[in-house]
2 protein chains.
Amino acid sequence: MDLYYQKLEQFMETLDEETMRAVENVSVKKTFKKGDLLLEQGEICKYSFSLINGVARKFYYGQKKVITTEFYFAGDVALSFNSYLLQKPSEEVMECVTDLTVECISRDNFEKLKQSFPKLIAYDLLFTELYAAWLEERLFDFNVLSATERYRKLMHKSPQYFHQIKLTHIASYLGISLETLSRIRARI
Amino acid sequence: MDLYYQKLEQFMETLDEETMRAVENVSVKKTFKKGDLLLEQGEICKYSFSLINGVARKFYYGQKKVITTEFYFAGDVALSFNSYLLQKPSEEVMECVTDLTVECISRDNFEKLKQSFPKLIAYDLLFTELYAAWLEERLFDFNVLSATERYRKLMHKSPQYFHQIKLTHIASYLGISLETLSRIRARI
DNA sequence: CTGATTTTTTGACTTAGGTCAAAGGTAACT
DNA sequence: AGTTACCTTTGACCTAAGTCAAAAAATCAG
């Protein structure tokens, strides 16, 4: 994971002023209140949100339960992958867990910029690689780790999750019931 | 899923002769026997394998069980994502399920070509998007479908899996034990 | 500070799927 | 065809995690 971030950061350092400037010109700072939705179910994801501060989460409604697919913190980029890329209605919802400040870039603008600034295509690639690697790891976790191990790993790697986020959401992110999570915590 | 394939195909159609030719020049046709390994555990994944015919699979060793992460058929591109991108030793193994014919392209060559043929970067992006979308769907399946539902879905969407592939491998791909798979099949 | 609402914990019970062991099947080799 | 090795099915039992219900804790509004 970290190696993918490094790759991205290294790339950012080699990015020319001009390209940076062009991106900044199309990005708009916005603020949201806790509980606001960045993206509703059925809405097309037309923007990417780069978090400046605050916490957000992405989730969807399964038949029986709500599944949280991702949490976002400062520095992360929030979007619904499928909806953003295909510009079709989103199954996923994005919600502010706390008050939020973001830099907001419309996909249309960004795609246009890619024509004039081809480096942005390479950026897109790196970003997507990072996401795919993250998904691979998450899949790995579900396949080989027990509920307790997943909890331990999350707690160890990302303790920040446990400050602002309620246990219901953490449980739904770990793919376990709230009660099971509570029991795991009691046992440790 | 299909929409991502479409995007890729559309893109391929717009690809100029020159770029195509350049890629063909660095790709080498190879054949393998059933049981041969395309990539061993601990080896660095230096090649991508584009299947011409036959079936392959990718898997890794969990503590308790073997997990099959992907099957490849004619037209698919086989590689270990993490090892290929970071050029580090692979946890995953790629194995021929049947005799195999592939077009083999070294990553070094391909990366060099990307300098002179920037369209290949866009290709890479589309390919990675497809993979990420596929991973998202797989994660979805594990999160909301029962063992039986996962089996049904696979059987329905990809019946070709059940010809050449043994049940042990299908079970390990579906994330269930061989016995459970056998029982599901008996019940349907 | 108090009552109301939301979140988390605890308890009792259920269940999907796993494990271990043995028996049938199938294929492959001589 | 007969033997060996591998696959798959079946049976008996086990376990991690889920569900339902109620109590306890924390948070919030007035």
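- If you check D/dA12, D/dA17, C/dT10 against the side chain of B/R183, the one that comes closest is D/dA12.
- Across C/dG17, D/dG18, C/dT8, the shortest atom-to-atom separation from the side chain of B/T148 is found for C/dG17.
- Nearest-nucleotide mapping onto DNA chain D: of A/R150 and B/I165, the residue sitting toward the 5' end is B/I165.
- Both B/I184 and A/H169 lie close to DNA chain C; mapped to their nearest nucleotides by heavy-atom distance, the more 5′-ward contact belongs to A/H169.
- When the C1' atom of C/dG18 is taken as reference, atom CG of A/N143 falls 15 Å away, rounded to whole Å.
- In this structure, B/E179 atom CD and D/dC14 atom P are separated by 16 Å, rounded to whole Å.
- Between B/Q164 atom CD and C/dT26 atom C1' there is a gap of 18 Å when expressed in whole angstrom units.
- Aromatic ring pairs are classed by plane angle as parallel below 30°, tilted from 30° to 60° and perpendicular above 60°; the pair A/F49 and A/F32 is perpendicular.
- Under a cut-off of 6.0 angstrom, the local environment of CD in B/E91 is sparse, with at most 12 non-hydrogen atoms contributed by other residues, nucleotides or ligands.
- With B/T69 contributing its side chain and B/K58 its backbone, the two residues share a donor-acceptor pair below 3.5 Å.
- At whole-Å resolution of the value, NZ in B/K65 and P in C/dT19 are 7 Å apart.
- Closest approach to the B/T168 side chain among D/dT8, C/dG18, D/dT9 is made by D/dT8 (side chain taken as heavy atoms from C-beta onward).
- Residue A/L167 places its side chain closer to C/dT9 than to any other of C/dG18, D/dT9, C/dT9.
- The side chain of A/T180 contributes an N or O atom lying less than 4.0 Å from OP1 or OP2 of D/dG18.
- Taking atom NZ of B/K34 as the reference point, atom P of D/dC6 lies 13 Å away to the nearest angstrom.
- Atom-to-atom, CG of B/L174 to P of C/dA16 comes out at 18 Å; the value is rounded to the nearest Å.
- When distances run from any side-chain atom of B/L178 to the nucleotides D/dT8, C/dT9, D/dT10, the shortest one goes to D/dT8.
- Closest to the side chain of B/I176, from the set C/dG18, D/dG18, D/dT10, is C/dG18.
- When rounded to the nearest whole Å, the span between NZ of A/K166 and C1' of D/dT27 equals 10 Å.
- Closest to the side chain of A/R185, out of C/dG18, D/dG18, C/dT9, is C/dT9.
- No side-chain heavy atom of A/Y131 sits less than 4.5 Å from a side-chain heavy atom of B/L135.
- Note on A/L181: nothing from the nucleic acid sits closer than 4.0 angstrom, heavy atoms only.
- Straight-line distance from the CZ atom of B/R187 to the C1' atom of D/dT10: 13 Å, rounded to whole Å.
- Picking from C/dT19, C/dA12, C/dG17 the nucleotide with the shortest atom distance to the side chain of B/A147 gives C/dG17.
- Around atom NZ of A/K153, more than 12 heavy atoms belonging to other residues, nucleotides or ligands sit under 6.0 Å away.
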